[in-house]
Amino acid sequence: VKQAVLTISTCAESDPRVAKSLESLKGLDEQAAVKEVAKFLDSDKNTVRRSAIYILWKGNFKSIEPAVFALERLCSHEEEYTRGMAALALCAGKVDLSFDTLCKMTLEDSSAYARRCAAYGLGLMGRVEAKPVLEKALKDSDFNVRNNAEAALTMISQAKKQSKPDEQVEVEETKATAKTDTLDWKIAQLTKEVENLYRESMLMQAKMTVEFPPRSLILKGQQADRDFDPKVKTVVEQNFSELNRKFEELVQRFESQIESRLQQLTKEQQQQIGNQLGELNSAMKQFSYQMKILQEYLKSAFSQEAQRKT
């Protein structure tokens, strides 16, 4: 356990040693391993303390109960990144007893990073009781907090859909595909797919803002503890390009399947589906705006690292 904690404390996020270190813990008694990891939560060295939190967050333990008290305490630690990561570990472990603490952090913590971690973490927990808190967080002064709150609401909504009985899902899908050749159905389906892409981009940014910044960027004029891993940049840019590719395909489908048919409609028929076209246009604008924000965030992250190295 000690070797895993200390190794990860020197690694960038995508370093293969991180996965190997986490894997090395799987042969141990889970509760005993969690207890040993918890001992490092009191470390006065930031990277070691965060490494222990990271293991509890990403270790896929069935229960992190032996570390809950220490993680709760770290939610009020003086360092904002420790607070944020502790919130993520508690949420990933679905520690219900910490729910109120995390709701309070989402709305009241002085650090935007801690607030956005807590908001994202509430999404990981998947509790519908978090919705009123997240809806308040949609008005936060920090864009990333607002984005993560919306992402968390999406995660809760998706978890709720997955909990529906198979029979209910099958009935809904049957109703949805009853008129697949009509123009209004095609527009509605395209709108739904654009909205799904928007959610993907929103979730991508939410994950980036909680998983990579603490040890990667210049923060408050101080050097980061570790360099930004170029592998992370490559993966993120690939995912970003894939979202753009999917959107371009949807635009092409609109041009080939819908635009030509619109020209054949009478003025009255065009007016009848005007609202649907408006919803599609709004969804496309929303996705484009989200991608612009995401691109600016990534550009800022990578350029700051380049500046630090220079």
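- Using a 4.5 Å heavy-atom threshold, the side chains of Arg17 and Ile8 count as separate.
- The nearest pair of heavy atoms linking Ala137 to Thr106 is CB-CG2, 3.9 Å.
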Could you go step by step and tell me if Phe254 and Leu280 meet the side-chain contact (heavy atoms from CB on, under 4.5 Å) rule? CA-CA 10 Å; Phe254 173 80; Leu280 175 58; 3.7 Å; yes

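- The CD atom of Glu255 sits 11.5 Å away from the CG atom of Leu250 when rounded to the nearest 0.5 Å.
- A donor-acceptor contact shorter than 3.5 Å links the side chain of Ser111 to the backbone of Ala114.
- The backbone N or O of Gly278 sits nowhere less than 3.5 Å from a side-chain atom of Ser282 that would complete a donor-acceptor pair.
- At a threshold of 4.5 Å between side-chain heavy atoms, the hydrophobic network of Ile, Leu, Val, Met, Phe, Trp and Tyr places Val1 and Trp57 in one connected group.
- Relative to the ring axis of Tyr81, Arg50 does not place its NZ or CZ within 45° and under 6.0 Å from the centre.
- Note on Met204: it does not cluster hydrophobically with Ile293, by side-chain heavy-atom contacts below 4.5 Å among ILVMFWY residues.
- A pairwise comparison of heavy atoms in Ala4 and Leu25 identifies CB-CD2, 4.0 Å as the closest pair.
- In this structure, Ile64 and Gly93 approach most closely via the heavy-atom pair CD1-CA, 4.3 Å.
- When atom types are taken as modelled, the side chain of Gln31 and the backbone of Ser63 share a donor-acceptor pair closer than 3.5 angstrom.
- One finds a salt bridge joining Glu23 and Lys26 here, because a Lys/Arg side-chain nitrogen approaches an Asp/Glu carboxylate oxygen to under 4.0 Å.
- The pair Asp42-Arg73 counts as a salt bridge, with a side-chain nitrogen and a carboxylate oxygen less than 4.0 angstrom apart.
- Follow the hydrophobic side-chain contacts under 4.5 Å out from Leu153 and you never reach Val145; the two are in separate clusters.
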What do the steps show when you test Ser110 against Arg83 for side-chain contact (heavy atoms from CB on, under 4.5 Å), and what is the final call? CA-CA 11 Å; Ser110 60; Arg83 297 200 301 275; 3.9 Å; yes

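- The two residues Leu294 and Ser201 have their closest heavy-atom pair at CD2-O, 4.0 Å.
- The shortest distance between side-chain heavy atoms of Gln286 and Gln290 does not fall below 4.5 Å.
- A donor-acceptor pair shorter than 3.5 Å can be found between the side chains of Thr101 and Glu72.
- Asp142 has no carboxylate O lying under 4.0 Å from a charged side-chain N of Arg115, or vice versa, which leaves the two without a salt bridge.
- No continuous path of ILVMFWY side-chain contacts below 4.5 Å connects Phe69 to Met85, so the two sit in separate hydrophobic clusters.
- Side-chain contact check for Leu71 versus Val95: every heavy-atom pair is 4.5 Å or farther apart.
- With contacts defined as side-chain heavy-atom distances shorter than 4.5 Å, the pair Tyr198/Glu150 qualifies.
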Step by step, work out the salt bridge (charged side-chain N to carboxylate O under 4.0 Å, His left out) result for Arg127 and Asp96. CA-CA 9 Å; Arg127 288 181 54 169; Asp96 288 336; 3.5 Å; yes

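- At a threshold of 4.5 Å between non-hydrogen side-chain atoms, the residues Val34 and Glu65 do not count as touching.
- Taking OH from Tyr120 and NZ from Lys207, the interatomic distance works out to 6.0 Å, rounded to the nearest 0.5 Å.
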Could you go step by step and tell me if Leu138 and Leu134 meet the side-chain contact (heavy atoms from CB on, under 4.5 Å) rule? CA-CA 6 Å; Leu138 291 174; Leu134 293 168; 5.9 Å; no

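- Counting only distance, with no hydrogens or angles, the side chain of Tyr113 and the backbone of Val210 share a donor-acceptor pair below 3.5 Å.
- The backbone N or O of Leu6 sits less than 3.5 Å from a side-chain atom of Ser9, completing a donor-acceptor pair.
- Here the side chain of Arg116 pairs no donor or acceptor atom with the backbone of Asn144 at under 3.5 angstrom.
- No side-chain donor-acceptor contact under 3.5 Å links Ser51 to the backbone of Thr47.
- Asn239 and Glu200 are not linked by any side-chain donor-acceptor pair at a separation below 3.5 angstrom, with hydrogens and angles left out of the test.
- Salt bridge annotation for Glu193-Lys246: absent, with no cationic side-chain nitrogen under 4.0 angstrom from a carboxylate oxygen.
- For Glu30 (side chain) and Lys62 (main-chain N/O), a donor-acceptor pair under 3.5 Å exists by modelled atom type.
- Here the closest heavy-atom approach between residue Ser98 and residue Leu90 is recorded as OG-CD2, 3.5 Å.
- Summarising the geometry, atom CD belonging to Glu259 is positioned 10.0 Å from atom CG belonging to Leu277; distances are rounded to the nearest 0.5 Å.
- For the pair Gln276 (side chain) and Asp184 (backbone), a donor-acceptor distance under 3.5 Å is present.
- To the nearest 0.5 angstrom, Glu279 atom CD is 13.0 Å from Met284 atom CE.
- The 12-atom threshold is not exceeded at NZ of Lys131, counting heavy atoms of other residues, nucleotides or ligands nearer than 6.0 Å.
- The OG atom of Ser76 sits 9.5 Å away from atom NZ of Lys104, with the distance rounded to the nearest 0.5 Å.
- Residues Met155 and Gly123 approach most closely at CE-C, 3.5 Å, considering heavy atoms.
- Atom CZ of Phe143 has more than 12 heavy atoms from other residues, nucleotides or ligands within 6.0 Å.
- Hydrophobic cluster membership is shared by Leu122 and Leu107, with clusters built from Ile, Leu, Val, Met, Phe, Trp and Tyr side chains linked at under 4.5 angstrom.
- Remark: side-chain polar atoms of Asn147 are paired, donor with acceptor, to backbone N or O of Met202 under 3.5 angstrom.
- For the pair Glu36 and Lys39, the salt-bridge criterion is met [side-chain N within less than 4.0 Å of a carboxylate O].
- The pair Glu249-Arg245 counts as a salt bridge, with a side-chain nitrogen and a carboxylate oxygen less than 4.0 angstrom apart.
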Report the C-alpha distance between Thr82 and Arg49 in whole Å, list the side-chain angles of each, state the deciding distance to 0.1 Å, and finish with yes or no for side chain to side chain donor-acceptor pair (under 3.5 Å). CA-CA 8 Å; Thr82 291; Arg49 183 175 59 254; 3.0 Å; yes

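- For Gln3, the CD atom sits in a loose shell: 12 or fewer heavy atoms of surrounding residues, nucleotides or ligands are nearer than 6.0 Å.
- Around CG of Asn60, the count of heavy atoms belonging to other residues, nucleotides or ligands within 6.0 Å does not exceed 12.
- A heavy-atom distance below 4.5 Å is found between the side chains of Lys186 and Arg261.
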Taking it one step at a time, do Met291 and Gln295 satisfy side-chain contact (heavy atoms from CB on, under 4.5 Å)? CA-CA 6 Å; Met291 290 295 281; Gln295 186 176 36; over 6 Å; no

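- Atom CD1 of Ile55 and atom CZ of Phe40 lie 8.5 Å apart (nearest 0.5 Å).
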